[in-house]
Amino acid sequence: MNQQTPLTLTRVALLLAIASSLLSSSSLLAADPVSIESLLTEMVDRNEIARYPAKGFRLKQASSYNRASKTPEDPKGWFNNFDRSTKETHKNYVRVEENRGRKEYVVMEDDGAGAIVRFWVPWKNQLKPGSDVVIRFYLDGASEPAIEGNMFDLFQGNGLVPFPLAHESLRSAVSFFPIPYAKSCKVTMSDHPFFFQFTYREYDDDVAVKTFSIEEFKASKPLIDTTCQKLLNPSAPATGEALTLNETVDGGNEKSVSLPAREAAITSLSLKLGSYEDPNVTRHVVLKVSFDDKETVWCPIGDFFGSGIGLNPFQGWYRTVDADGTMNCRWVMPYRENAKISIANLGEEPVDVELSATVGDWNWDSSSMYFHAGWRGQYPVPTRPYSDWNYVTLKGRGVYVGDTLTIMNPVQRWWGEGDEKIFVDGEAFPSIFGTGTEDYYAYSWGGRSTDFYEHPFHAQPFSHKYNKLNRKKGNEKNTQGFSTETRTRALDTMPFATSLQLDMEVWSWTDCDMGYGVGVYWYGDFETSSNCKAEPEEALNVPKVPKP
């Protein structure tokens with residue numbers, strides 16, 4: 001009996017140590033809720049986006065979409081374009097409440113833990129900036145708003161939230177500052193809501209969230225400032241193994257470079273062509289990438305890097321296109337065993353290519369995902385009857401992270417009234433139903449907003465005849481020709497467990513034939529599939545702009 005005592009005590013001590021360790025781990029997890037600081041940290045962590053979210057959420061959106069849109073079986077309602085409220089008979093919001101003798105229009109309401117991660121509102125008058133509407137955010141059932149003030153003054157980058165976490169885009173205000181809540185969120189406006197979009201995360205029941213407070217907001221100022229500086233000065237990790245490809249690629253041929261055969265990740269990718277004199281070269285030269293013997297990237301370089309047709313410089317968090325023709329990408333692209341990058345020249349003339357890739361370490365686990373970039377193009381696309389044009393349909397598990405749309409509009413009148421409709425995991429009605437193509441890309445009044453603009457998460461690199469090197473000086477309304485809009489996602493990524501379908505309405509004011517081309521970006525498991533296939537013939541089918 002006495003001989004067994006030391007062994008028993010050892011077992012007890014071991015069990016106590018294990019229990020203590022488990023309790024300690026649980027305590028650490030419980031002490032690490034979603035918060036302003038955790039979300040800001042996640043926003044600028046490019047590794048994080050390449051892993052399926054550990055804290056599960058569904059991305060949703062409250063918007064002023066027309067409530068007559070209920071089913072594609074009713075085209076008149078499904079394509080109804082009245083996406084706003086300007087008087088009592090318009091009901092594109094939740095409800096009206098009386099509060100202390102004043103009317104408040106409820107525009108968003110969510111029960112449960114969540115976080116607002118994007119907020120967009122336009123100018124009410126296309127020639128007069130700003131708004132006189134007071135916005136109020138009520139969190140966790142509180143009777144007093146956690147945030148209250150003029151919605152433009154608060155969220156155009158020089159008020160409560162600093163630039164670029166909030167900013168004035170073309171005739172609109174956009175905020176990406178996270179507003180987390182543990183139990184509920186209600187957002188109201190003091191007058192008839194014009195157009196609006198509130199994009200928010202709806203967290204799983206087991207996710208703990210620390211509710212936004214002004215006190216925590218002020219305490220987070222050092223991190224807020226650091227986050228802003230990172231967003232405005234994007235850079236990829238300097239460490240890693242550099243591989244290059246400097247070749248002349250003849251028409252109809254391709255050149256490749258193999259990456260280190262080990263568990264690793266591309267952390268930056270740079271490409272420059274010898275000439276951009278022919279603007280169609282950015283559609284005719286295609287980037288192809290294979291990971292673990294599966295091709296997951298097939299995309300024309302203009303659509304991959306966000307430049308569209310021709311060389312159109314801009315700077316974003318994930319991609320930068322320089323005026324000298326250098327195109328940079330900072331998506332993290334992990335793989336387990338091998339990878340290969342290829343440049344295919346679909347055109348007839350040879351092109352000189354300088355390509356550089358930096359490969360760093362990566363620890364692959366069950367949450368790791370492969371990077372994908374696909375492309376779809378079509379010309380002509382008739383604008384009548386109204387229709388939904390599919391960007392991409394995905395099957396399997398993954399996270400959708402961005403897109404670049406290039407339109408050819410043959411007429412002067414505005415083309416971008418079409419709403420995005422995004423179905424996740426087989427839902428019957430889209431959890432994200434937008435208010436216009438320009439709103440999806442974070443600006444407004446698209447008929448006039450043909451000037452260049454850029455932001456870490458969205459940009460208009462080219463429209464009509466304007467880009468960063470040729471800025472708009474007048475106020476004319478002419479959207480004829482090419483327009484390129486791009487959007488990448490940080491906190492507003494869209495996880496999907498089984499499927500995702502993103503459609504954009506083709507809704508122009510003119511009965512005409514347009515040209516559509518879209519590059520789409522997502523992460524997914526090895527088995528995740530897409531309806532985006534290699535389309536060399538369509539990539540060569542670059543539409544010509546009719547003469548005025």
Side-chain angles (χ1 to χ4, degrees), residues 157 163-164 167-172 231-235 269-285 287 299-330 347 349 351-355 402-409 412 414-416 438 441-443 445-488 515 517 519 542-545 547-548:
F163 180 83
H167 82 118
E168 185 173 357
S169 184
L170 296 180
R171 292 172 167 81
S172 63
L231 291 174
L232 293 173
N233 300 279
S235 61
L269 180 64
S270 172
L271 182 147
K272 182 180 181 181
L273 301 184
S275 172
Y276 297 90
E277 183 177 354
D278 177 7
N280 294 341
V281 73
T282 59
R283 179 62 60 80
H284 293 168
V285 175
L287 176 70
C299 191
I301 62 170
D303 305 273
F304 182 85
F305 290 98
S307 181
I309 301 294
L311 178 64
N312 299 298
F314 78 100
Q315 178 172 290
W317 173 241
Y318 283 104
R319 295 153 308 154
T320 298
V321 176
D322 293 327
D324 71 352
T326 304
M327 300 180 176
N328 295 286
C329 156
R330 292 173 288 274
E349 299 299 321
V351 294
D352 295 329
V353 176
E354 297 178 22
L355 183 144
D403 42 69
T404 297
L405 173 68
T406 296
I407 290 282
M408 193 288 290
N409 178 23
Q412 293 187 11
W414 173 234
W415 54 268
E438 77 271 45
Y441 291 105
Y443 64 105
W445 295 107
R448 289 195 186 276
S449 297
T450 51
D451 194 12
F452 164 85
Y453 83 95
E454 64 182 358
H455 178 271
F457 299 132
H458 49 84
Q460 181 171 256
F462 184 86
S463 184
H464 181 44
K465 58 182 179 182
Y466 304 114
N467 66 7
K468 194 171 188 177
L469 307 177
N470 178 36
R471 299 298 300 273
K472 183 176 181 179
K473 297 180 176 63
N475 203 22
E476 84 277 9
K477 294 176 70 173
N478 187 345
T479 61
Q480 185 181 37
F482 287 102
S483 293
T484 295
E485 329 292 338
T486 188
R487 175 177 177 180
T488 57
V542 181
K544 294 182 179 180
V545 180
K547 294 182 179 180

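If you read the sequence from its start, that first residue is 1, and numbering goes on from there.
- Glu485 pairs by the side-chain contact (heavy atoms from CB on, under 4.5 Å) definition with Trp415, Tyr441, Tyr443, Gln460, Ser483, not counting sequence neighbours.
- Two residues are said to be in side-chain contact when any heavy atoms from C-beta on lie closer than 4.5 Å; His458 and Ser169 meet this criterion.
- Side-chain contact check for Glu354 versus Thr326: every heavy-atom pair is 4.5 Å or farther apart.
- Remark: His284 pairs with Asn280, Leu540, Val542 by the side-chain contact (heavy atoms from CB on, under 4.5 Å) rule, at least two apart or across chains.
- Leu170 places none of its side-chain heavy atoms less than 4.5 Å from the side chain of Trp445.
- Between Ser449 and Glu438, every side-chain heavy-atom pair lies at or beyond the 4.5 Å cut-off.
- A distance-only check finds a donor-acceptor pair linking the side chain of Asn470 to the backbone of Lys465 [under 3.5 Å].
- Between the side chain of Asn312 and the main chain of Ser307, a donor-acceptor pair closer than 3.5 Å is present.
- With sequence neighbours left out, Glu454 forms a side chain to side chain donor-acceptor pair (under 3.5 Å) with Lys468.
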Applying side chain to side chain contact (heavy atoms under 4.5 Å, CB included) to Leu273 and Val353, what does each step give before you reach the verdict? CA-CA 5 Å; Leu273 301 184; Val353 176; 3.8 Å; yes
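- Note that the CG atom of Asn467 and the NZ atom of Lys472 stand 14.0 Å from one another [nearest 0.5 Å].
- Donor-acceptor pairing under 3.5 Å is recorded for the side chains of Thr404 and Thr486.
- Side-chain contact between Thr406 and Asp303: present, with at least one pair of heavy atoms (C-beta onward) separated by less than 4.5 Å.
- With contacts defined as side-chain heavy-atom distances shorter than 4.5 Å, the pair Phe452/Arg471 qualifies.
- Taking CZ of Phe314 as the start and OH of Tyr453 as the end, the distance is 10.5 Å to the nearest 0.5 Å.
- For the atom pair CD1 (Ile309) and CD1 (Ile407), the distance works out to 11.5 Å, reported to the nearest 0.5 Å.
- How far CG of Leu231 is from CH2 of Trp317: 5.5 Å, rounded to the nearest 0.5 Å.
- Side chain of Arg283 to main chain of Gly302: no donor-acceptor pair is present (N/O by atom type, distance under 3.5 Å, no hydrogens or angles).
- With sequence neighbours left out, the ring pair (Phe, Tyr, Trp, His ring centres under 6.0 Å) criterion links Phe462 to no other residue.
- Atom-to-atom distance recorded for Ile301:CD1 and Leu311:CG is 9.5 Å, nearest 0.5 angstrom.
- Note that the CZ atom of Arg171 and the CZ atom of Arg448 stand 6.5 Å from one another [nearest 0.5 Å].
- Ionic pairing of Asp403 and Arg487 is not present here: no N-O contact between side-chain nitrogen and carboxylate oxygen is shorter than 4.0 angstrom.
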Could you walk me through whether Val281 and Glu349 pass the side chain to side chain contact (heavy atoms under 4.5 Å, CB included) test, one step at a time? CA-CA 9 Å; Val281 73; Glu349 299 299 321; over 6 Å; no
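- Each salt bridge (charged side-chain N to carboxylate O under 4.0 Å, His left out) pair with one or both residues in residues 304-322, not counting sequence neighbours, would appear here, but there are none.
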Could you walk me through whether Thr282 and Met327 satisfy the side chain to side chain contact (heavy atoms under 4.5 Å, CB included) test, starting with their C-alpha distance in whole Å, then the side-chain angles of each, then the deciding distance to 0.1 Å, before giving a yes or no? CA-CA 11 Å; Thr282 59; Met327 300 180 176; 4.1 Å; yes
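- Taking 4.5 Å as the limit, every side-chain heavy atom of Leu269 sits out of range of all side-chain heavy atoms of Leu271.
- Residues meeting the side chain to side chain donor-acceptor pair (under 3.5 Å) test with Tyr276, sequence neighbours left out: none.
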